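One is the number of the first residue; the rest follow in order along the sequence. Note that the structure is a prediction, hence the values are computed from the model and not measured.
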Amino acid sequence: MEHCFSLHKAPSLSSFLPSLGPRVFIPSNSPSDFALSRRRSLRTGFTSTPFNGRKAPSVKASAGASHCDFSSLNAPLEPKSAPGKFLSGVLQNQRQFFHFAAADELKRLSDDRDAAVARMFVSLDSDEACLHRRIAQLKEQECQAAVEDVMYMLIFYKFSDLRVPLVPKLSRCMYNCRLEIWPSKDWELESIHSIEVLEVVRDHISAVIGLRADSSVTDNWATTEIQQLHLGRLYAASILYGYFLKSASSRHQLERCLTLVHQKRLNHRNSLQFLDLLPCGIKSLVLGRFSDVQSVPLGQGPGRQEKDLEELRCYVMGFDPETLQRCAKPRSKEAAHLIERHSCALFGDEQTGIPQTDEVIRTSFSSLKRLVLEAVAFGSFLWDIEEYVDTVYKLKDN
């Protein structure tokens with residue numbers, strides 16, 4: 001069964017740190033068996049390395065008689081900055097200290113940028129004002145490139161926790177314009193979402209590639225044709241969709257909690273007002289009887305309020321244009337730029353990094369679903385990472 005489709009309304013895809021050499025991350029409270037690792041340098045390339053003594057998962061993209069086998073540390077976007085390369089080495093060789101190392105790098109980048117800005121303000125009335133202003137600008141650019149790499153490695157760590165490797169550069173995987181990606185890892189990529197969010201994600205998959213959630217194995221492995229540029233736009237749009245769903249679902253949960261708290265306080269206040277109206281003797285009797293009754297948790301009683309709350313799908317459809325844009329737009333310039341860099345690295349030409357505009361790819365619906373699920377997960381992880389990084393290193397508003 002052959003299919004052909006194209007996408008028209010998806011949005012288009014719109015480093016400079018010197019290498020400081022390999023380093024070893026040494027935590028302040030390191031275990032005794034960590035001493036040996038202090039004597040060796042970390043590798044900074046993206047080569048295959050076991051995770052905690054286990055064999056690293058791999059993704060294989062195959063096409064006909066030829067195939068490419070990629071390790072889990074072969075990401076499409078290779079870090080260019082020293083902090084990014086350093087964290088890739090920590091992830092390979094000292095995985096248990098990865099989050100400590102990432103926090104340390106973010107703090108150092110924040111201190112370096114703040115120090116450069118402070119020197120610029122101190123020298124405003126001196127002859128070196130122009131020099132320090134230029135230094136601060138260069139430091140800002142340097143730190144932005146570095147923090148994007150740190151964010152990318154934090155996202156990469158989340159994928160590795162799921163034992164789901166990122167799909168490598170497609171230009172290395174296609175043979176005669178044919179692409180297949182396996183294993184699909186659908187279950188792992190769907191497991192990060194709540195039931196409500198997963199239903200919306202499945203609706204998205206059905207809308208963009210025409211594959212229903214209850215599709216048969218035959219439907220999943222049916223082939224289709226799509227232009228590589230359209231596939232790149234679909235991937236980038238799905239990243240933004242995953243980012244939007246994470247933002248909207250978090251907002252939804254917050255409003256539900258506030259609604260429940262308000263309802264609980266309102267019920268408590270109404271009860272107190274009712275008791276104040278009772279005669280003194282009856283009030284004592286009522287309070288004495290109710291003190292022996294076990295309270296029923298809010299939301300578990302027969303008249304619970306949660307059943308009246310909107311489901312996520314209806315909640316999102318009720319957004320006004322301004323709220324919709326605010327939830328769908330990355331909050332920081334670093335996040336927006338990282339989406340563009342990752343998408344171009346995945347779909348771009350090996351030399352130029354520019355996506356091919358007219359090349360048509362033949363692939364299965366299962367492979368398309370794998371790409372869309374990965375993109376949605378990438379956007380969801382990006383929302384979490386952006387929020388965390390902004391608490392340590394102040395990101396630039398987008």
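- Both cation-pi conditions hold for Arg251 and Phe319: the charged atom is under 6.0 angstrom from the six-membered ring centre and inside a 45 degree cone around its axis.
- There is a side-chain donor-acceptor pair under 3.5 Å between Ser364 and Glu180.
- Residues forming a ring pair (Phe, Tyr, Trp, His ring centres under 6.0 Å) with His204 (at least two apart in sequence, or on another chain): Tyr241.
- For Arg119, there are no salt bridge (charged side-chain N to carboxylate O under 4.0 Å, His left out) partners, not counting sequence neighbours.
- Between the side chain of Ser367 and the backbone N or O of Thr363 there is no donor-acceptor pair closer than 3.5 Å.
- A donor-acceptor pair shorter than 3.5 Å can be found between the side chains of Ser216 and Asp219.
- Applying the 6.0 Å contact sphere to CG of Leu254 captures more than 12 heavy atoms from other residues, nucleotides or ligands.
- Between Arg341 and Glu148 a salt bridge is recorded (basic side-chain N to carboxylate O distance below 4.0 Å).
- With sequence neighbours left out, Phe378 forms a ring pair (Phe, Tyr, Trp, His ring centres under 6.0 Å) with His342.
- Counting heavy atoms of neighbouring residues, nucleotides and ligands inside a 6.0 Å radius, atom NZ of Lys107 does not exceed 12 of them.
- No salt bridge links Lys85 with Glu78; every basic N to acidic carboxylate O contact stays at or beyond 4.0 Å.
- The side-chain hydrogen bond (donor to acceptor under 3.5 Å, both in side chains) check on Glu128 picks up His132, with sequence neighbours excluded.
- Under the 4.5 angstrom side-chain criterion for Ile, Leu, Val, Met, Phe, Trp and Tyr, the cluster partners of Met120 are Val117, Phe121, Leu124.
- Listed by chain and number, the hydrophobic cluster partners of Val217 are Trp221, where partners are ILVMFWY side chains within reach of under 4.5 Å, directly or through others.
- Met317 forms part of no hydrophobic cluster, judged by ILVMFWY side-chain heavy-atom separations under 4.5 Å.
- With sequence neighbours left out, Glu386 forms a side-chain contact (heavy atoms from CB on, under 4.5 Å) with Met151, Tyr243, Arg331, Ser332, Ala335, Leu395.
- Shown here is Gln253, whose CD atom has more than 12 heavy atoms of other residues, nucleotides or ligands within 6.0 Å.
- Judged as a side-chain hydrogen bond (donor to acceptor under 3.5 Å, both in side chains), and not counting sequence neighbours, Asn220 has no contacts.
- Residues Lys369 and Asp186 are paired through a salt bridge, judged by an N-O separation under 4.0 Å between the basic side chain and the carboxylate.
- Under the side-chain hydrogen bond (donor to acceptor under 3.5 Å, both in side chains) criterion, Glu387 pairs with no residue, sequence neighbours left out.
- Applying the side-chain hydrogen bond (donor to acceptor under 3.5 Å, both in side chains) test to Arg133 and every residue at least two apart in sequence or in another chain returns nothing.
- For the pair Arg233 and Phe347, the cation-pi criterion (under 6.0 Å, within 45° of the ring axis) is not fulfilled.
- Linking ILVMFWY side-chain heavy atoms closer than 4.5 Å, directly or via other members, places Val147 and Tyr388 in a single hydrophobic cluster.
- For residues 372-384, every residue pair satisfying the salt bridge (Lys or Arg N to Asp or Glu O under 4.0 Å) rule, not counting sequence neighbours, is listed here: Lys246-Asp384, Arg370-Glu374.
- Between the side chains of Arg113 and Tyr393, at least one donor-acceptor pair of N or O atoms lies under 3.5 Å.
- When the shell of 6.0 Å around CG of Asp127 is examined, it contains 12 or fewer heavy atoms from other residues, nucleotides or ligands.
- Looking at Asn176, its side chain never comes within 3.5 Å of a backbone N or O of Arg178 through a donor-acceptor pair.
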